[in-house]
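Below is one structure, written out as C-alpha cells; the observations come after it.
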Amino acid sequence: PLPEPLLQKYNFMSRSQALINLHWPENFAQLQQAQRRFAFEELFLLNLNIVGKRQKLQNLKRNVIYKDLKKWQNEFLQLIPFTLTKAQVKVCQQIVANLQAPYPMNRMLQGDVGSGKTIVAAFAAFLAIKNGYQAAIMAPTEILAQQHWQKLQTILEPAGIRLGLLQGSMRAKEKRKIKDLLMLGLIDLVIGTHALIQEDVQFSKLGLVVVDEQHKFGVLQREAIKHKSLEDLNCDMLLMTATPIPRTMALTIYGDLYLSRLDELPPGRQPISSSCIPYEQAPIVYQFILKEISKGLQSYIICPLISESDRLEASAAIQEAERLKNSVFRDVRVGLLHGRMKASEKDQIMESFRRHEIDVLISTTVIEVGVDVPNASVMLIQDANRFGLAQLHQLRGRIGRGSQKSYCFFLASKDRESVRKLEAIARLSDGLDVAEEDLNIRGPGDYFGTRQSGFPELKVADLIRDYKLLTLAKEEADFYLQPENRHHLKIFNIDTEEENHNGLQ
C-alpha cells in the first residue's frame, strides 16, 4: 500500500510483484529491488505515525504566554558568573523561538556530560517564572536532584526565585509542606525525583517541565507530570539527556520532538584518556591511582554489584571496598557508596568526597548521573563488560570535570563478546559516535509502546543499513500528511488524526 505517485517517483514495483520477487527472485537484482520496496514501505508507515504525532502536538493551542523575553534573557545572563558557550547560546535561542510559537514546546536537549545542560534548564525555568508560571525539574536520582537544587539555589535565589526540593526519602511532614506550597503557588521552581508525579502533587500554575536524564523515566511518567497544574495549561516540555541520540533514532523514536545538541564543552576541559585493561594488570592501575592521590587528586572505583552473588562472577562494592581498604589502599581514605544506603548516608558520603575527606570512592552505578567532583581524575570500572556502552560513557563522564588530565580504565576479561564493546568505548570519546556503536550492538527499542530496549518489529527494513531510505521516507511522510495531500493516504485505511499507541495495525 504505497500511493501511486510514490511508486512512480522511486520506480518501485507493485506490492504483489515485490512479494513474488522477495520469495522467488530470478536474480540478486530482483531480490534487492523487492527488499528496498518493502523496507521503504515499512519506514514510510512508521514515519506517518511519527509525523502524525508531531502534528497533533502542534495542533495544541499555546496557553502559556511569554512576554518581555529579551528583558528576561538579559537579566538571566547577569545572574550567572560565567559566559555561555556558543552551543549554549544557540540552544537558548532555539528555546526562545519555541516559547514564541503558537503551540507548546516539545524539545529534546542532548549534550555530553559536563556540556552545561543544567544552565540551559535554568534559563528556560527563569523565563517561565518571570512570566508568572511555575517550573519543575524532574531528575531520576536523589543525588542528581539535590545537586541541581544546590546549584540552582546559588544562581536563582538572588533574583528572588523561590526554590523547593521534593524527593521520596524526605519525612512526610517535609513533603506535605512542599506540596502545600506548590499548590498555593508559593514555590516558583521545584526540583525533585519521581515524587513529583505522585497523585497528591498539584501545582498552582505549572508552565514548564524539564525532565533530566529522560531515558531513566517511563513514557507514561514523562507524560504524567505535564498534567499536574490546577489551571488547565499546555505545559512547555524540555527533555534532557547525556545519552547521545544516534541519527536513526533522532529521525524515528524522537521524530516528534525538536532536537538540540550541546556539542561544545566549557573552556578548560581536557579529553579523557581511556583504555581497556585485563584483570591481571589491575595492580598496575591501583599503583597509578595511588600516584594520582599523592598529587592531591581523587579516584572512583566502580563495581557492578552491591554484594557478592553466587550466581554472578562479578566484583561487589561492599566486599571490594573491604579488600582494597585492607590491602593496596590501607594508607589512604576509602569511601563506599551504593543504592541500598539510606539517602542521608549517600548524601554524607558524597559530601565527604566533594570536600576531599575521601581519596578513593568505591561505588556502584548510583554515581552514574549528576555527580560533579572536579578533583576526581581517575576512574576504574571493574567488570566493564557487564555495562552497556551508553552506561560506560555516562560513568566516564564523572571524571574530566576539572582542568587536570583524567584517565578511565575498563577492567574486563578479553572474551570475544566484550572486546568489540570495550575497544569501541576506549577509542570513542564523542558521545554521538558511542551512541551509533551502541545502536549497532543493542538495538533501538520500541517506537510507540513503552518497551525501551531490543529491536523494533521491522520485517525487512534495517534502521542502520537503510539510513538513507529512512531519510527519504521521513521526507515523503512530511509531504503526504500535508492537508492537501492526505487524500492519497485513503488506501491505508488508517486515521492519521489519532495517535495510535500500539503502532500501525
Side-chain angles (χ1 to χ4, degrees), residues 60-68 72 76 95 99 103-106 118 121-214 216-240 343-344 347:
L60 284 175
K61 186 180 178 183
R62 169 173 289 284
N63 55 12
V64 177
I65 309 301
Y66 291 83
K67 296 177 181 176
D68 301 323
W72 301 126
F76 179 81
I95 288 171
L99 299 182
Y103 47 85
M105 174 171 73
N106 204 33
T118 306
F123 171 78
F126 185 82
L127 296 183
I129 292 161
K130 288 299 180 179
N131 276 276
Y133 301 99
Q134 292 170 293
I137 298 177
M138 189 163 68
T141 67
E142 295 198 350
I143 288 176
L144 182 52
Q146 287 169 352
Q147 186 167 293
H148 283 329
W149 183 56
Q150 290 164 358
K151 187 180 288 185
L152 295 178
Q153 270 184 314
T154 61
I155 294 171
L156 299 177
E157 280 191 343
I161 290 175
R162 301 162 296 182
L163 279 80
L165 177 67
L166 183 63
Q167 47 193 28
S169 66
M170 293 167 67
R171 292 176 182 172
K173 190 176 178 181
E174 293 175 306
K175 285 193 277 191
R176 186 69 267 156
K177 181 183 176 183
I178 295 293
K179 291 171 185 178
D180 289 344
L181 292 172
L182 281 173
M183 191 180 292
L184 293 169
L186 297 177
I187 288 178
D188 302 311
L189 171 61
V190 65
I191 295 106
T193 57
H194 295 75
L196 287 175
I197 55 175
Q198 289 176 347
E199 282 186 26
D200 61 343
V201 175
Q202 286 288 329
F203 292 78
S204 169
K205 200 175 180 183
L206 181 62
L208 174 82
V209 174
V210 179
V211 182
D212 196 8
E213 296 301 330
Q214 61 84 30
K216 297 282 183 180
F217 294 93
V219 176
L220 302 179
Q221 290 175 322
R222 295 196 296 263
E223 279 297 306
I225 194 172
K226 290 167 66 175
H227 306 289
K228 288 285 183 182
S229 185
L230 292 173
E231 289 193 28
D232 188 18
L233 297 175
N234 294 324
C235 294
D236 291 298
M237 177 74 86
L238 178 65
L239 305 178
M240 304 199 302
S344 57
D347 294 343

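In this text the structure is predicted, and so the values were computed from the model without any measurement.
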Drop me the distance from [X]'s [atom1] to [Y]'s [atom2], to the nearest 0.5 angstrom.
X      : Y      : atom1 : atom2 : result
Lys228 : Met183 : NZ    : CE    : 9.5 Å
Met138 : Leu166 : CE    : CG    : 11.5 Å
Glu142 : His194 : CD    : NE2   : 11.0 Å
Asn106 : Lys226 : CG    : NZ    : 5.5 Å
Leu238 : Leu208 : CG    : CG    : 7.0 Å
Ile191 : Gln153 : CD1   : CD    : 7.5 Å

**Prompt:** For residues 149-174, which residue pairs qualify under salt bridge (Lys or Arg N to Asp or Glu O under 4.0 Å), counting only residues two or more places apart or in two chains?
**Reply:** Arg162-Asp188

**Asked** Do any pairs count as a salt bridge (Lys or Arg N to Asp or Glu O under 4.0 Å) and have a residue in residues 123-133, sequence neighbours left out, and if so which ones?
**Response**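 Found Glu75-Lys130.
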
I'd like to know if the side chain of [X] reaches the main chain of [Y], judged simply by a donor and an acceptor atom lying under 3.5 Å from each other, with no hydrogens or angles considered.
X      : Y      : value
Asn131 : Lys67  : yes
Asp212 : Ala139 : no
Gln134 : Leu182 : yes
Tyr133 : Ile65  : yes
Gln167 : Ala145 : no
Asn234 : Lys61  : yes

Within the structure provided, determine whether [X] and [Y] are in side-chain contact (heavy-atom separation under 4.5 Å).
X      : Y      : answer
Thr118 : Leu152 : yes
Ile155 : Phe126 : no
Ile137 : Leu189 : yes

**Request:** Check step by step if side-chain contact (heavy atoms from CB on, under 4.5 Å) holds for Arg62 and Asp236.
**Result:** CA-CA 9 Å; Arg62 169 173 289 284; Asp236 291 298; 2.7 Å; yes

**Asked** Side chains of Lys179 and Gln198: do they bring a donor and an acceptor to under 3.5 Å?
**Response** yes

**Request:** Please name all residues satisfying ring pair (Phe, Tyr, Trp, His ring centres under 6.0 Å) with Phe123, sequence neighbours left out, ordered by chain then number.
**Result:** Phe76

Measure across [X] and [Y] and return the closest heavy-atom pair with its distance rounded to 0.1 Å.
X      : Y      : value
Ile178 : Gly164 : CD1-CA, 4.4 Å
Ala136 : Phe203 : CB-CZ, 3.9 Å
Cys235 : Pro104 : O-CB, 3.6 Å
Ser229 : Ser204 : OG-O, 3.6 Å

Would you say that more than 12 heavy atoms from the other residues, nucleotides or ligands in this model lie under 6.0 Å from the [atom1] of [X], or not?
X      : atom1 : result
Lys205 : NZ    : yes
Asp200 : CG    : yes
Trp149 : CH2   : no

